[in-house]
Structure formats: C-alpha cells, structure tokens
Amino acid sequence: MKVLVSVDLEGIAGIVHPVEINPERYDYERGRKLMTAAANAVVDGVLNAEPRAEVWVADSHGPYRNLLPEDLDRRARLIRGKPRELGMMAGLQNGAQAAMFVGYHARAGTSGAVLAHTMTDAILDVRIDGASHGEIGINTLLASSYDVPVVLASGDEAACAEFSALVPRAVTVPVKRGLGQHAADTLHPQEACERLRTAAGQAIGLHDSVATIPFSGPLRVEVDLHQPRSADLAALIPGITRTGRTVAFDADTMPAVYRTLQLIVLLAQTGS
C-alpha cells in the first residue's frame with residue numbers, strides 16, 4: 001500500500017498564532033518540531049498497522065520546507081520544496097492508495113477556528129461549482145480526481161467538522177478547540193501524537209470503505225480576493241474573467257483547477 005500524508009502547520013496541537021508559523025519569527029522553530037513529531041506519529045501508526053506500506057510525507061505549509069528532515073521517521077519519504085505541480089498533495093501522482101491530512105485548518109471566515117484561511121490571507125473564498133471550499137475541500141477533491149480516498153484528517157474541531165461534512169466515514173482527530181483566530185484550548189502535543197498514532201492505524205484499514213467524492217468536469221471556479229490589485233493581476237491569466245473582486249475560470253479537471261489556483265495565490269502574494 002502507498003500512503004500520502006500531507007502535513008500543514010496551523011492545525012498542529014499547541015500552534016495558535018502566526019509567530020509560530022512564520023519562518024521570520026523566533027517561535028517558528030518550536031512549530032517545526034511539533035509539526036515533525038505529529039508527522040512521525042502518523043507514519044508510525046500507518047506502519048504499525050501496515051508494515052509493508054510506503055509512506056510519503058508532503059511538507060505542505062508555507063514554503064514547504066518546515067519539517068525537519070533529520071528528525072523525520074527514516075521509514076518515510078519526504079516531499080519538500082516548491083513550486084510543485086500538486087502543491088500540498090504532491091505524491092498523488094506516485095500511485096497513492098490513501099491520503100491523510102495532518103495539521104489542517106478550517107477555511108477562510110470560519111468562526112471558532114484557529115488560523116482559518118484558504119491558501120493565503122489574500123483569498124476570501126474559493127467556490128467550485130458553487131460550493132465553498134478551503135484547503136480541506138480543494139485537496140479532497142484533488143485526491144478524489146486520482147481516485148484516492150482521504151481516510152484521516154486532524155486539526156482543530158472546526159477543521160475536523162469541515163472534513164467530516166465531505167467524508168463522513170473517515171477518521172478525524174481534533175487536537176484543539178478554537179477560541180478565536182489566534183487562541184485555542186489545545187491538547188498537550190504528546191497526547192495529540194498518541195491519538196494521531198492510534199487513529200492512523202485505524203484509518204489505514206478504511207481505505208477500501210471510505211468513498212471518494214464523485215464529480216465531473218468542466219468545473220466552474222470562483223475566487224474572491226481581498227485586494228483589488230490581486231484581482232487585477234489574476235485577470236492577466238488567460239481564460240480568467242473578473243467581476244469586482246471576484247475572478248472566475250473553467251477547467252476540465254481538478255489538477256487544472258489546482259494549478260490555476262496556485263498561480264492566483266502567487267500573484268495575490270506579489271508585492272506592490
């Protein structure tokens with residue numbers, strides 16, 4: 001069995017503030033250690049249940065260079081650095097048979113969620129065929145396009161609820177409860193890792209029973225942007241139309257959707 005573990009940072013136990021996720025701030029090194037420990041717990045849980053499994057860990061936060069390679073479980077392969085075609089879900093194209101989300105967060109605008117956003121703070125909302133999605137939904141749809149079920153998700157309670165609404169039979173591991181955008185009631189990191197290890201072992205046994213999300217192209221995508229200049233830049237992409245702060249495009253496949261969204265994000269983050 002081949003398993004892709006996509007690891008973000010905002011949804012890790014103990015992480016509540018941008019100081020812990022920003023490489024330019026001192027507390028970021030603590031965040032990296034917590035993130036790596038959570039990834040290791042999931043890798044260990046998968047391999048305890050399926051000793052012959054191949055596990056790829058995709059570093060999926062910010063610069064995609066956060067996990068500490070020398071501290072990662074040596075039985076796993078690390079996917080690191082950007083840009084890359086499938087972003088947070090790089091490794092799907094390697095023949096993955098199951099995927100797991102670790103350290104994920106809720107979509108932009110979610111109340112009672114910690115560090116909620118969608119890909120970047122420059123994006124207010126992403127709608128695919130009219131349905132609002134954050135990274136959880138976008139990445140689940142991308143996995144489904146490869147016929148790969150997402151069998152586990154961890155993060156705060158809001159992120160887990162967002163995922164369960166899409167994939168009700170999968171396993172969730174809430175590791176904190178949001179008290180605001182930068183505040184939470186959080187498990188001790190070691191307790192969170194123990195729960196992740198157990199849950200990963202349970203989840204891997206569900207890969208044949210957790211359904212992917214059926215959909216077909218063409219897909220209509222609308223992106224609400226925070227700044228008018230971001231919409232100006234996004235409208236330069238061929239095939240994109242603009243109405244006010246919303247840009248829209250059509251795509252035949254989810255990988256095509258994902259590539260265009262990544263380009264919009266890069267443009268939205270470009271300085272003036």
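- Atom CG of residue Leu263 and atom CG of residue Leu236 lie 10.0 Å apart, to the nearest 0.5 angstrom.
- Between the Asp185 side chain and the Arg177 main chain, no donor and acceptor come within less than 3.5 Å of each other.
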**Prompt:** Between Glu10 and Val114, is a side chain to side chain contact (heavy atoms under 4.5 Å, CB included) present by the stated rule, with each step listed?
**Reply:** CA-CA 7 Å; Glu10 288 90 345; Val114 184; over 6 Å; no
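- With rounding to the nearest 0.5 Å, the separation of CZ in Arg107 from CD1 in Ile138 is 10.5 Å.
- Atom CD1 of residue Ile12 and atom OH of residue Tyr104 lie 11.0 Å apart, to the nearest 0.5 angstrom.
- Proximity of Arg169 to Ser209: side-chain heavy atoms (C-beta onward) are separated by under 4.5 Å at one or more points.
- Contact annotation: the side chain of Tyr146 approaches that of Pro255 to within less than 4.5 Å [non-hydrogen atoms, C-beta and beyond].
- In this structure, the side chain of Thr36 engages the main chain of Leu68 through a donor-acceptor pair within 3.5 Å.
- Applying the side-chain hydrogen bond (donor to acceptor under 3.5 Å, both in side chains) test to every pair with at least one member in residues 83-99, sequence neighbours left out, gives these pairs: Glu85-Arg259.
- Sparse packing is recorded around NE2 of His226, with 12 or fewer heavy atoms of other residues, nucleotides or ligands lying under 6.0 Å away.
- Put simply, the side chain of Tyr64 does not reach to within 4.5 Å of the side chain of Ile79, judged on heavy atoms.
- Nearest heavy atom pair, residue Asp156 against residue Gly112, reads OD2-O, 4.4 Å.
- The shortest heavy-atom contact between Val102 and Ala38 is CG1-CB, 4.2 Å.
- Note: the hydrophobic cluster containing Val265 also contains Ile237 (ILVMFWY, side chain heavy atoms under 4.5 Å, direct or indirect links).
- Atom-to-atom distance recorded for His61:NE2 and Ile21:CD1 is 4.5 Å, nearest 0.5 angstrom.
- Comment: Arg195 engages Glu191 in a salt bridge, judged by a side-chain N to carboxylate O separation of less than 4.0 angstrom.
- At a cut-off of 3.5 Å, with distance as the only test, no side-chain donor of Asp8 or Ser60 sits close to an acceptor on the other residue.
- Note: the hydrophobic cluster containing Leu152 also contains Met1 (ILVMFWY, side chain heavy atoms under 4.5 Å, direct or indirect links).
- Under a hydrophobic-cluster definition in which Ile, Leu, Val, Met, Phe, Trp and Tyr are linked whenever side-chain heavy atoms come within less than 4.5 Å, directly or via other members, Ile15 and Tyr28 are assigned to the same cluster.
- Between His117 and His105, the ring planes are parallel. Angles under 30° get that label, and only those over 60° would be called perpendicular.
- Of the charged side-chain nitrogens involved, none lies within less than 4.0 Å of a carboxylate oxygen, so that Arg220 and Asp129 do not count as a salt-bridged pair.
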**Asked** Can you list the steps and then say if Val171 with Met100 is a side chain to side chain contact (heavy atoms under 4.5 Å, CB included)?
**Response** CA-CA 9 Å; Val171 177; Met100 298 182 178; over 6 Å; no
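- Cluster annotation: Val210 is connected to Leu4 through the hydrophobic network of ILVMFWY side chains, with a link wherever side-chain heavy atoms come within less than 4.5 Å.
- Under the 4.5 Å side-chain heavy-atom criterion for ILVMFWY residues, no single connected hydrophobic cluster contains both Val257 and Leu124.
- For the side-chain contact (heavy atoms from CB on, under 4.5 Å) with Arg75, the qualifying choice from Asp44, Val46, Val55 is Asp44, the only one to do so.
- Here Gln227 contributes atom CD and Leu233 contributes atom CG; the two are 11.0 Å apart, rounded to the nearest 0.5 Å.
- Nearest heavy-atom pair across Ser154 and Gly103 is OG-N, 3.1 Å.
- With hydrogens and angles left out, the side-chain atoms of Asn40 and Asp73 include no donor and acceptor closer than 3.5 Å.
- Shortest non-hydrogen contact noted between Val150 and Ala143 is CG2-CB, 3.9 Å.
- Look at Glu194 and Arg197 and you find no salt bridge, because none of the NZ, NE, NH1 or NH2 atoms lies under 4.0 Å from a carboxylate O.
- The environment of NZ in Lys33 is sparse: at most 12 heavy-atom neighbours from other residues, nucleotides or ligands sit within 6.0 Å.
- When all heavy atoms are compared, the tightest approach of Gly137 to Leu166 is CA-CD1, 3.5 Å.
- The CG atom of Leu34 sits 8.5 Å away from atom CD of Glu20, with the distance rounded to the nearest 0.5 Å.
- Checking each of Arg242, Arg127, Arg245 against Glu222 for a salt bridge (charged side-chain N to carboxylate O under 4.0 Å, His left out) leaves exactly one that passes, namely Arg127.
- Between the side chain of Thr243 and the backbone N or O of Thr246 there is no donor-acceptor pair closer than 3.5 Å.
- Taking both residues in full, the closest heavy atoms of Ala98 and His207 are given as CB-CB, 4.0 Å, listed atom of the first, atom of the second, then distance.
- For Thr212 (side chain) and Ser144 (main-chain N/O), no donor-acceptor pair under 3.5 Å exists by modelled atom type.
- With a 4.5 Å cut-off on side-chain heavy atoms, Leu225 and Ile123 count as touching.
- Using a distance-only test at 3.5 Å, with no hydrogens or angles considered, a donor-acceptor pair links the side chain of Thr270 to the main chain of Leu267.
- Counting only heavy atoms from C-beta outward, the side chains of Thr260 and Val221 never approach each other to under 4.5 Å.
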**Message:** The test is side chain to side chain contact (heavy atoms under 4.5 Å, CB included); show your working for Phe249 and Ile264 and say whether it passes.
**Reply:** CA-CA 11 Å; Phe249 63 95; Ile264 291 173; 4.0 Å; yes
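- Within the 4.5 Å cutoff, side-chain heavy atoms of Leu219 are placed close to those of Met254.
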**Message:** Between Val19 and Tyr26, is the side chain to side chain contact (heavy atoms under 4.5 Å, CB included) condition met? List the steps.
**Reply:** CA-CA 7 Å; Val19 71; Tyr26 73 95; 4.2 Å; yes
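- Between Met88 and Tyr258, the closest side-chain pair of non-hydrogen atoms falls below 4.5 Å.
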